[in-house]
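What you see is a predicted model; the values in this text were computed from it and never measured.
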Amino acid sequence: MTPLLWSLIALQIVMGVFDTFYHHEFTERLAWRPSQRGELKLHGVRNGLYALLFAVLGWCEVHGLFAILVLAVLLAEIAITLTDLVEEDLTRKLPPSERVNHTLLAINYGAILMLLVPLLIGWAMRPSVIVPAYAGVLSWIAAAAAVGAALCGLRDFAAARRLARMSQPDAAGLVAALPPAQTILITGATGFIGARLAAGLAAAGHHVVALVRDPAKAAMLPAPLTLITRLDQLASGTRIDAIVNLAGEPIGNAPWTAARRATILQSRLATTEAVVSLIARLDRKPKVLVNGSAIGWYGLWQDQPLTESAKSHACFSHDLCDAWEQAARGAEAHGVRVALLRIGLVVGRDGGFLARMLTPFEFGLGGPFGSGLQWMSWIERDDLVRLIAHVIATDAITGPVNATAPLPVRNLAFTAELARCLRRPALLRVPAGLLRRIGGDFAEELLLGGQRVVPNKALSSGFVFRHQSLRSALESIL
């Protein structure tokens, strides 16, 4: 084992650790995606092989039959990696950074094989024996890498087993409130909410017209489906029974710089104004426009319960939501009923704020934000889809509609309940001052502020939440 070979192996370990924790755990969250169960099994087997290789090569020279066995392990690793590449292409879209990292891993692994395979072949020509070979600190690094790879492999197998137990409720029942054979236009149809709504509509026999920015992401959407990238692609004679407008730049992914605020606002206004323009030129107007908004419209409050008749406090979230709602109200001039869905924190394992909490909480790194006394008004994702269908089907519902569960909780209670479901502690409180210094208004409004929102209009119109309590929602998801 030459210094160059050890250097390449060390580089492979570093890139592998980065890929595992940054991509697989934190950004792609493979352990919580049922579609990636097969990929996790492949990762588990490969990590087990890596653990074996690091343990053997870090402390031994293997001669004869033992060297041949190590060569077989190397061939098996190559076969698993190629299978994994195919599995990834079939089940998810890799981010650019992961593709680059995989390319570098492949190149470096090829260099390792060029140096290691001739060495193993030479060892294979000798009598079969395992000779201890201590390389000082390098042997201990290899041992640490072996333990780490073994633990990652066990984690992958455990996650795959957990995903096998997770079931997605039947999507068709989510839109049972709708009349048959509806044609629904969804903007933001590949998003966390839009994708589930589209799945429910398609499963129930309705037709979805999906406005998307990236057609490649629409491959996951089920038929029957009409895919468009601009609303002017729809002819004036197109039949549309209802429009659900959910498109907009994510608000919680980065601090609110001036440029970021402008992008967030313009992404919503541009799409909504285009929706109103479409309504104006359609020969047959849709019956309703359900426009996405957020409970941020109310601004920052303390403990006061907020119904749809509550006033607002000025802040960026209010200004954003108010401008969005005013743009949507333009459809009323064309005789279209407009419902303004003020959506709370949407709970689901496939996206939204909960998805970003699962990995740190699972590793015991979760805890409250600041004092933890701020209110969190939440709604389970399938309940939100059911509420959208209920709003479409209920002619009497107009104007603001609070899309939150009836029992909001404080941040302390939310983190404690999530930790209980994951059987982990939640002791790492994040100081409010640190969050403010890092995130500014973003942290103040989304993490430290809160609203105690009550869904009066939904309840009074006869809507029944399947998950009124947070425990019920989390147990159904996790």
Under the side chain to side chain contact (heavy atoms under 4.5 Å, CB included) rule, what do H23 and S97 come out as? Steps first, then yes or no, please.
CA-CA 8 Å; H23 291 126; S97 61; 2.8 Å; yes

Steps toward side chain to side chain contact (heavy atoms under 4.5 Å, CB included) verdict (N47, L151):
CA-CA 8 Å; N47 280 324; L151 291 175; over 6 Å; no

Could you walk me through whether L407 and L470 pass the side chain to side chain contact (heavy atoms under 4.5 Å, CB included) test, one step at a time?
CA-CA 8 Å; L407 300 176; L470 181 64; over 6 Å; no

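For the side chain to side chain donor-acceptor pair (under 3.5 Å) test, residues two or more places apart in sequence or in another chain that qualify with R213 are E249. Applying the side chain to side chain contact (heavy atoms under 4.5 Å, CB included) test to Y109 and every residue at least two apart in sequence or in another chain returns Q12, L74, E77, I78, L113. Residues passing the side chain to side chain contact (heavy atoms under 4.5 Å, CB included) test with V14, sequence neighbours excluded: none. Here S293 pairs with E325 under the side chain to side chain donor-acceptor pair (under 3.5 Å) rule; sequence neighbours left out. Not counting sequence neighbours, the partners of R329 by the side chain to side chain donor-acceptor pair (under 3.5 Å) test are E332. For A310, the side chain to side chain contact (heavy atoms under 4.5 Å, CB included) partners at least two apart in sequence or on another chain are Y298, L306. Not counting sequence neighbours, the partners of T272 by the side chain to side chain donor-acceptor pair (under 3.5 Å) test are N245, W324.
Note on R46 versus E39: no salt bridge recorded, every NZ/NE/NH1/NH2 to OD/OE distance being 4.0 Å or above. One finds no salt bridge joining D319 and R261 here, because no Lys/Arg side-chain nitrogen approaches an Asp/Glu carboxylate oxygen to under 4.0 Å.
Checking each of L227, I186, L221 against V208 for a side chain to side chain contact (heavy atoms under 4.5 Å, CB included) leaves exactly one that passes, namely I186. Partner of S377 under the side chain to side chain contact (heavy atoms under 4.5 Å, CB included) criterion, chosen from I343, N402, T404: T404.
Pairs passing the salt bridge (charged side-chain N to carboxylate O under 4.0 Å, His left out) check and including a residue from residues 349-366, sequence neighbours excluded, read R155-E362, R162-E362, D350-R381. Pairs passing the ring pair (Phe, Tyr, Trp, His ring centres under 6.0 Å) check and including a residue from residues 416-456, sequence neighbours excluded, read W256-F442. The ring pair (Phe, Tyr, Trp, His ring centres under 6.0 Å) contacts involving residues 341-382 comprise F353-F414, where partners must be two or more places apart or lie in separate chains.
Heavy atoms from other residues, nucleotides or ligands lying under 6.0 Å from CD of E475 number more than 12. Counting non-hydrogen atoms of neighbouring residues, nucleotides and ligands closer than 6.0 angstrom, the CZ atom of R161 reaches no more than 12 such neighbours.
Of the possible donor and acceptor atoms, none in the side chain of T20 sits under 3.5 Å from a partner among the backbone N and O of V17. Side-chain N or O atoms of T187 include one that pairs as donor or acceptor with a backbone N or O of A247 at under 3.5 Å. The main-chain N or O of P400 is found under 3.5 Å from a side-chain atom of K457 such that the two form a donor-acceptor pair. Looking at R410, its side chain does come within 3.5 Å of a backbone N or O of L373 through a donor-acceptor pair. The backbone N or O of A443 lies less than 3.5 Å from no partner atom in the side chain of R436, so there is not a single donor-acceptor pair. The main-chain N or O of G370 is found under 3.5 Å from a side-chain atom of R429 such that the two form a donor-acceptor pair.
The shortest side-chain heavy-atom distance between R92 and S35 does not fall under the 4.5 Å cut-off. The side-chain heavy atoms of V45 and D156, taken from C-beta on, include no pair separated by under 4.5 Å. A 4.5 Å side-chain heavy-atom check between F465 and L459 finds at least one atom pair inside the cut-off. The side-chain heavy atoms of N291 and R268, taken from C-beta on, include no pair separated by under 4.5 Å. No side-chain heavy atom of P455 sits less than 4.5 Å from a side-chain heavy atom of F463. In this structure, the side chains of S371 and Q374 come closer than 4.5 Å at one or more pairs of heavy atoms. Looking at heavy atoms from C-beta onward, H318 lies out of side-chain contact with H313 at the 4.5 angstrom threshold. Contact check for N101 versus L105: side-chain heavy atoms found under the 4.5 Å cut-off.
The CG atom of N108 sits 9.5 Å away from atom CD1 of I9, with the distance rounded to the nearest 0.5 Å. From L478, atom CG reaches atom CG of L354 across 6.0 Å, with rounding to the nearest 0.5 Å. Remark: L474 CG to L422 CG distance equals 8.5 Å, nearest 0.5 Å. Note that CG of D322 and OG of S317 are 12.0 Å apart. Values are rounded to the nearest 0.5 Å. Atom CG of L341 sits about 11.0 Å away from atom CG of L289, to the nearest 0.5 Å. Atom CH2 of W140 and atom CH2 of W59 lie 4.0 Å apart (nearest 0.5 Å).
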Taking distance alone, no hydrogens or angles, what donor-acceptor pairs closer than 3.5 Å link side-chain atoms of residues 188-206 to residues at least two apart or in another chain?
unit_1, atom_1, unit_2, atom_2, d
R196, NE, D382, OD1, 2.8
R196, NH2, P169, O, 2.9
R196, NH2, D382, OD2, 3.1
H206, ND1, Q182, N, 2.9

Run the side-chain donor-acceptor check on residues 384-393: report pairs under 3.5 Å with partners two or more places apart or on a different chain.
unit_1, atom_1, unit_2, atom_2, d
R386, NH1, D383, OD1, 2.7
R386, NH1, V464, O, 3.1
R386, NH2, V464, O, 2.9
H390, NE2, S461, OG, 2.9

